[in-house]
Amino acid sequence: MEMFFTNPVILDPGVIIMTINEGDFIKISYTGKLEDGTIFDTTNEEVAKVHNIFNSNGRYGGDVIIIGVNQMISGLEEDIKEHEAGYEGTVSIPPEKAFGVHLSKLIRDLPLKRFEQKPQVGMMVQYEGKQGKVLKVMGRHARLDFNSPMAGQIITYDYKIEAVLEDLKEKAVGLGALYMSQEMDIEIDGTVARVNVPLEFNYSQHWLNTKAQLALDMLKYTELTEVLYVETYTEELVKPDPGEEEQSEAEESDESESDEPEDSE
C-alpha cells in the first residue's frame with residue numbers, strides 16, 4: 001500500500017510551513033471564471049445562486065481533493081502545489097492546462113436520422129456517449145461541436161486551501177462527499193471503515209456505479225485496509241407510509257371495478 005506524508009519546510013526556528021505534496025488530501029474552496037467573467041463553478045452556495053448555477057443536489061462549502069490523482073485540471077493543481085494550507089489567491093490557466101484547446105476534428109456533420117428528435121441550434125445532445133453542441137442544421141445534416149464548452153479559453157480560479165487533512169475519518173468522509181455530494185456516516189475502527197449507506201441510495205444509479213470506485217480510492221490513497229458498506233433496516237424505516245397504502249388500495253379498487261364485465265342488455 002502506498003503511504004503519503006506531508007513534509008514540513010522549516011524557514012526559521014519555530015516557523016513551520018506544511019507544503020502540499022503528491023497524495024495529500026486537501027480541502028479547497030474555489031470559484032472558476034471564464035474569460036468574459038462568467039462563473040461556471042463554485043463551492044460558494046450564495047455565489048452559485050446569484051449566478052444561476054445553483055444545484056439543489058450539490059454540496060457547497062468546499063471540496064476534498066487528493067493531489068496527484070487527476071481530480072482537477074492540471075493548471076490549478078500545479079499552482080496549489082506551490083503553496084501551503086491557508087493560502088488564498090488567484091490563478092489564470094491557459095487552455096492546454098485547463099479544458100484543452102479547441103480542436104476542429106471534434107466538429108462533425110451528422111445525418112438527422114441518427115437523432116431521436118430533430119436537433120435545434122444551441123441544443124446539447126448526446127451521441128455515442130459524447131455530449132455535443134448543435135452549431136448548425138443544414139438540410140438533412142446537423143453540425144455538432146464535441147469540444148468542451150470551455151475548450152480554448154483561459155480559465156481563472158479564485159481559491160483558498162482550507163486545510164491539509166491528516167485525520168483518517170476526515171479523508172474517508174471527504175472522499176464520500178466528493179462522489180455523492182453529501183457527507184456520509186462513516187465510522188473508523190483501526191484501519192477498517194464502516195460506511196453506513198442510506199437506504200435511498202438503493203435507488204441511485206450513480207451510487208451503484210461508483211461505490212466500488214469509492215472503496216478502491218479509500219483503500220489506495222489512505223491507510224485503510226478494509227471498507228464495509230452497511231445497510232441497516234428497521235421496521236420503522238421500511239414499513240409503507242399510511243398515505244401511500246391508502247392510495248395503493250384505492251388504485252387496486254379502481255382497477256378491480258374496471259375489470260368487471262358490463263351488464264349486457
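For Asp24 (side chain) and Ile26 (main-chain N/O), no donor-acceptor pair under 3.5 Å exists by modelled atom type. Formation of a donor-acceptor pair under 3.5 Å by the Asn202 side chain with backbone atoms of Leu199 is found in this model. Between the side chain of Glu77 and the backbone N or O of Gly68 there is at least one donor-acceptor pair closer than 3.5 Å. Under the 3.5 Å distance criterion, the side-chain polar atoms of Asp63 are left unmatched by any main-chain donor or acceptor of Ile65.
Looking at every heavy atom in both residues, Glu226 comes nearest to Leu219 through N-CD2, 3.4 Å. Heavy-atom minimum distance, Glu45 versus Phe54: CG-CE1, 3.6 Å. The two atoms that bring Ile161 and His83 nearest to each other are CD1-CB, 4.2 Å, heavy atoms only. Scanning all heavy atoms of the two residues, the minimum distance from Asp158 to Lys33 falls at OD2-NZ, 3.1 Å. Contact between Ser148 and Phe99 at its shortest, heavy atoms only, is OG-CB, 3.9 Å. Shortest non-hydrogen contact noted between Tyr60 and Asn55 is OH-N, 2.9 Å.
A 4.5 Å side-chain heavy-atom check between Thr43 and Glu162 finds every atom pair outside the cut-off. Looking only at side-chain heavy atoms (C-beta outward), Lys130 and Arg108 stay at 4.5 Å or farther from each other. Between Phe201 and Lys211, the closest side-chain pair of non-hydrogen atoms is not below 4.5 Å. For the pair Val69 and Lys220, the minimum side-chain heavy-atom distance is 4.5 Å or more. Between Trp207 and Tyr229 the shortest side-chain heavy-atom distance falls below 4.5 Å. In this structure, the side chains of His102 and Ile107 come closer than 4.5 Å at one or more pairs of heavy atoms. Under the 4.5 Å side-chain criterion, counting only non-hydrogen atoms from C-beta, Val64 is not in contact with Lys171. Between Leu224 and Ile188 the shortest side-chain heavy-atom distance falls below 4.5 Å.
Hydrophobic clustering (side-chain heavy atoms under 4.5 Å, transitive across Ile, Leu, Val, Met, Phe, Trp, Tyr) keeps Leu76 apart from Val47. Cluster annotation: Val137 and Val125 are assigned to the same hydrophobic cluster (Ile/Leu/Val/Met/Phe/Trp/Tyr, side-chain heavy-atom contacts under 4.5 Å, transitive). By the criterion of side-chain heavy atoms lying less than 4.5 angstrom apart, applied directly or through intervening Ile, Leu, Val, Met, Phe, Trp or Tyr residues, Leu208 is grouped together with Val197 in one hydrophobic cluster. Linking Ile, Leu, Val, Met, Phe, Trp and Tyr residues whenever their side-chain heavy atoms come within less than 4.5 Å leaves Ile154 and Leu103 in two separate clusters.
Between atom CG of residue Leu175 and atom CE of residue Met184 there is a gap of 11.0 Å, rounded to the nearest 0.5 Å.
Using modelled atom types, one finds no donor on one side chain facing an acceptor on the other under 3.5 Å when comparing Asn44 with Thr42. A side-chain N or O of Asp79 and one of Tyr159 form a donor-acceptor pair less than 3.5 Å apart.
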**Prompt:** How far apart are the C-alpha atoms of Ile67 and Met72, what are their side-chain angles, what is the distance that settles it, and do they pass the side-chain contact (heavy atoms from CB on, under 4.5 Å) test?
**Reply:** CA-CA 9 Å; Ile67 297 296; Met72 67 183 79; 4.3 Å; yes
**Message:** Show, in sequence, the C-alpha distance, side-chain angles and deciding distance for Ile186 and Asn196, and conclude whether the side-chain contact (heavy atoms from CB on, under 4.5 Å) test is met.
**Reply:** CA-CA 6 Å; Ile186 301 178; Asn196 296 304; over 6 Å; no
**Request:** Take Phe115 and Leu144 through the side-chain contact (heavy atoms from CB on, under 4.5 Å) test and state the conclusion after the steps.
**Result:** CA-CA 12 Å; Phe115 301 94; Leu144 272 70; 4.0 Å; yes
